Amino acid sequence: MYVSVNTHTHTHTHTNYYTECDSTGSRWRVAIPLNPGSCSDLPPPARGTDCSFSCPPGKYLEMSTQQCTSCAAGSYSLGSCLRFDQWDAIPAGFTSLASFLDPGPNGEDVQACNSSTWTPQGVYLESNRDECTVSLVYAVHLEKQGSVSFTYQYADNNIFFEFYVSGAKITGTHTLTTGILVGGKMIKPVLLKSIQIEGVAYTSECFPCRPGWFSPVPGSSSCQPCPSNSFSIKGASSCTRCPEHYYSHEGWAECKVRPPCSEKDYFQIHTACDSEGKTQVLYRWVEPKICLENITGSVELPETGQREPCPPCNPGYYNSNDSTCLPCPPGTHSDGTYACAECPAGTEPVLGYEYKWWNVLPSSMKTSCFNVGNSKCDNMNGWEVAGDHVRSGAGSSDNDYLILSLHVPGFKVPASLSGMTTSEFGRITFVFETICSADCELYFMMDVNRKSTTVVESWEGSKGKQTYTHSMTRNASVTYTWAFQRTNHALDVRHYVSDTVKLYSISVTNVLDGVASACRACALVPQNSQHAGSSCVPCPAGFYIDRDTNRCQECPANTYLAGRHTYGQDACVACGPGSISNKEHSRCYSDCSFSYTENNRTLTFDLSDLSDVASLTIGPSFTSKGTKYLHLFNVSLCGHEGKRAAVCTDNVTDVSNKDDQSDSAQFVNSVDSFICQSTLIPADGRGFRTAISSQSISLADTFLGATVDTVLNASWATASCDQGRSSVITVRCDPEQSERGELSVPSSCPAGTCDGCTFHFLWESASACPRCTESDYHQIEGACKGGVQETLYVWNEPKLCTKGVSLPPRSSSPCEAIALWLKVGVGGGAFMAVLLIALTCYFWKKNKRLEYKYSRLVMSANKECELPAADSCALAEGEEPDDDVVYAQKPTLLGKLRAIANKVKSSESVQLNSSQSDRWILG
């Protein structure tokens, strides 16, 4: 039940209430005592006004008389409207409900978010800066058809913010969808400046003007801000001027002492070229001026600089007689220093925007200032030209958004680049530098077809002079925007006015109706054509322009058109190892096959089972507040014939059951590549029909190659990776895995990367094994049984191959139990053994007989002739020993046989000589 309460101040001891409306549309006014238990002197109930009754703006319903009464000066009323634009505190009726995206194990909300809330900041209400979900709820009773309007600032795509009306309840919900920002970037909260609700039955009170505002007459429907250098208190009907040497800004509730002027209180500008082609530097005070010049410690405004020659015109423009720069007519070109000239035959103008001189802001660019809490910024220039660069202006406060925008009507690919089949229609390149002493941030954004502005990239703090490039992959009207904010915190005093950003040059290619700074060679009509001439014609996809003939030639096999030109065969770049090009020569990919030679053996791999897009979910991980999040990787290993089939999509725009899929959302929130990554937050049942997916990025746009080496030197530089970003998928043979296998990341880098620039994945699969060949198996021959021998074939262990050749079937062949050669060999061996034994026995017996005869002979000789012992034979001086019989310490069998034969011969020729000889001689 809703009960309206009269909070208007009374001298009575009671408060009047209206009862709930009955079925006839009637209600009663009743008095409720302010002090419980005191019920005396209460007025009797009275019939109330009609339930649809309301007062006009500037009046309120006086409950005692039930009549509309004009608000006093210093207050205001919206009649049947409610408006909230004073945020010194959260107004009565608002409730800030903090919850957590991932409930506890028993469904309870985790207590980490209890302290998260929307915070009042005076002129606006600021959402929480953590990953908790915080809903700002206001309940109101509407008696007639009404509306809700609000003013807000929503600058961070990593926040999911929705505003919805449900019955009589209005809810604004803030959720940080990805509190897991690489590099620890601070999120930009949602700022809510005002809420207005129409359709309430009546208002029972007038609202006093907030400090710094006033309403001069009774019956006001709104309050006005006090002018600069004046102030007011709450409920004021007029403003009071500040004392001398004090100042205030518009809408301030107090005055402050004027400080002495310093270098932070002025800025320089360049004047436009005059009729003599001269310009000069001027210095101006930051408006509104709050400093004092003629006091101790103050500085004076620098004198105007000398008149200097104006910088040349930008490329594609020429200098007119009145020293202004005008665009060259179509078909002509100029570098900005000479008159426009026609392009030679066989060439075409290079259309685009190229701004590198900043004497005046080009007609296609605009500058502005925005601050949700400071309307004074709206009419100021956000950026100022400065000769060789354009720089951020002073603004009105340090947390202003200083905006510079460039509108491009569309893109048109020239005939000379028609052979390129990439999805790029144009690209923007700019050189910038930020010089900051605080938490400044530069945003680069784009608005496609005037649908919604999306942040493309941002840079925090001071950044050295560098170049950034962004490709346009759709032919559409686009507005590029640079927004610079010195600090994210609202400050009354200017501390960082000297913090600045400088844009040195901006270049946009292939701009529809752009200007030309040069001419580019193009393909001509073939000579055998009946329309042969010097006019340019587009080349088919995958063709380059021959330097000698200026005719279209197809790129060689397994090359692709790279770079930003198609002139010359060098525009066709060879694909990396293990990759081939598609038919259009637009990119390289793998056909899921790979071969290499190792130790004179060629290994062939068939990865077709890994060709479909694979997904890998890593996590969960948790933030400091306890938010659970996951990393999702989609991987297209082979490339699907050059199509980047791995798609990652942000669904932040439709998680609240919205079916609106605008062109801009589809263009910005979807990424297709070889490898992409998204950050997921699981659904928690609080109005989300699915998990939240955001921060989708591409990790691999180009297939560089496949190799068995550990290094493949190729990478692409990005804004955050100076050495380039690369992704490596290691495919490992594991016969125990399925053919599809399993994808994983290194345990040392659970997010797939340790530095944000190099990503590593491991894909273990049976399909990653080489194809089987004849060298992967061996044969086993069985025993000969029954004249039959079987031959088996088995894989080498461990088996590290798949598919390919199959094992040959088991085979049988006839055989003999004992082979003929084996029989002959065994017989011959046995015969020789018997013969050798017989000879040995024969010679042994004969030797024994000879030894016996010899011993008898020696004995008889000693008795008859007394012959000396024949133990040794003396050698005459100079004689050599007889080599015929030499016994080793262990004579061999052959040696024994020879010795026996010699002994027989010697014994048979022994002669007894009776002369006086000194030695024995064995003949």
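Keep in mind the model is a prediction, meaning the values are calculated, not measured. We use all heavy atoms of the structure for the numbers below, so side chains are in, but hydrogens, waters and symmetry mates are not.
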Hey, does [Y] have a side-chain heavy atom less than 4.5 Å from the side chain of [X]?
X	Y	value
R520	C343	no
Y355	V508	no
R391	Q268	yes
F425	V413	yes
Y266	R284	no
W358	K502	no
V385	W357	no
W213	E250	no

Could you walk me through whether K278 and Q306 pass the side chain to side chain contact (heavy atoms under 4.5 Å, CB included) test, one step at a time?
CA-CA 10 Å; K278 300 287 186 179; Q306 296 183 353; over 6 Å; no
Shortest non-hydrogen separation from [X] to [Y] and the atoms involved:
X	Y	value
V257	Y247	O-CE2, 3.5 Å
I545	A521	CD1-O, 3.8 Å
M446	V456	CG-CG2, 3.8 Å
C291	P260	CB-C, 4.0 Å
S477	H407	OG-CE1, 3.1 Å
G316	V515	O-CB, 3.5 Å

Could you go through F231 and W252, starting from their C-alpha distance and side-chain angles, then the distance that decides it, and tell me whether this counts as ring-ring contact (aromatic ring centres under 6.0 Å, His included)?
CA-CA 6 Å; F231 71 100; W252 274 22; over 10 Å; no
Check whether the side chains of [X] and [Y] place a donor and an acceptor atom closer than 3.5 Å, and report yes or no.
X	Y	answer
E441	S458	yes
T279	T271	yes
S194	T151	yes
Y443	T481	no
N371	S397	yes
S437	D499	yes
T487	N399	no

Look at the side chain of [X] and the backbone N and O of [Y], then say whether any donor-acceptor pair between them is shorter than 3.5 Å.
X	Y	value
T367	I403	yes
R486	Y496	yes
S228	H249	no
S334	Y338	yes
R258	K289	yes
D701	S673	no
N319	C325	no
H270	Q280	no
S248	N229	yes
W87	K193	yes

If you round to the nearest 0.5 Å, how far is [atom2] of [Y] from [atom1] of [X]?
X	Y	atom1	atom2	value
K366	L406	NZ	CG	11.5 Å
L402	S392	CG	OG	6.0 Å
F370	Q485	CZ	CD	10.5 Å
K412	L351	NZ	CG	7.5 Å
E384	L282	CD	CG	10.5 Å
R241	C239	CZ	SG	10.5 Å

Intermediate values then yes/no, side-chain hydrogen bond (donor to acceptor under 3.5 Å, both in side chains), T434 and S462:
CA-CA 5 Å; T434 57; S462 294; 5.3 Å; no
Take Y353 and T509 through the test side-chain hydrogen bond (donor to acceptor under 3.5 Å, both in side chains) and record every step on the way to the result.
CA-CA 7 Å; Y353 294 151; T509 63; over 6 Å; no
For the pair F430 and Y468, name the ring-plane relationship: parallel under 30°, tilted 30 to 60°, perpendicular over 60°.
tilted
What is the ring orientation for W459 with F432, classed by angle as parallel under 30°, tilted 30 to 60°, or perpendicular over 60°?
tilted
Step by step, work out the side chain to side chain contact (heavy atoms under 4.5 Å, CB included) result for L191 and Y152.
CA-CA 5 Å; L191 306 182; Y152 70 100; over 6 Å; no
Quick one, Y480 with F444, criterion ring-ring contact (aromatic ring centres under 6.0 Å, His included). Give me CA distance, side-chain angles, the key distance, then yes/no.
CA-CA 7 Å; Y480 296 108; F444 174 60; 5.8 Å; yes
What's the verdict on side-chain hydrogen bond (donor to acceptor under 3.5 Å, both in side chains) for S405 and T479, showing C-alpha distance, side-chain angles and the deciding distance?
CA-CA 7 Å; S405 61; T479 298; over 6 Å; no
Check the pair F214 / Q224 against side chain to side chain contact (heavy atoms under 4.5 Å, CB included), numbers first and verdict last.
CA-CA 5 Å; F214 73 103; Q224 306 172 27; 3.9 Å; yes
Kindly determine whether L503 and L404 satisfy side chain to side chain contact (heavy atoms under 4.5 Å, CB included), including the steps that lead there.
CA-CA 10 Å; L503 271 177; L404 180 69; 3.7 Å; yes
On the six-membered ring of Y504, is K465 placed so that its NZ or CZ lies under 6.0 angstrom from the centre and within 45° of the ring axis?
yes
Please determine whether the number of non-hydrogen atoms from other residues, nucleotides or ligands lying under 6.0 Å from atom OH of Y246 exceeds 12.
no
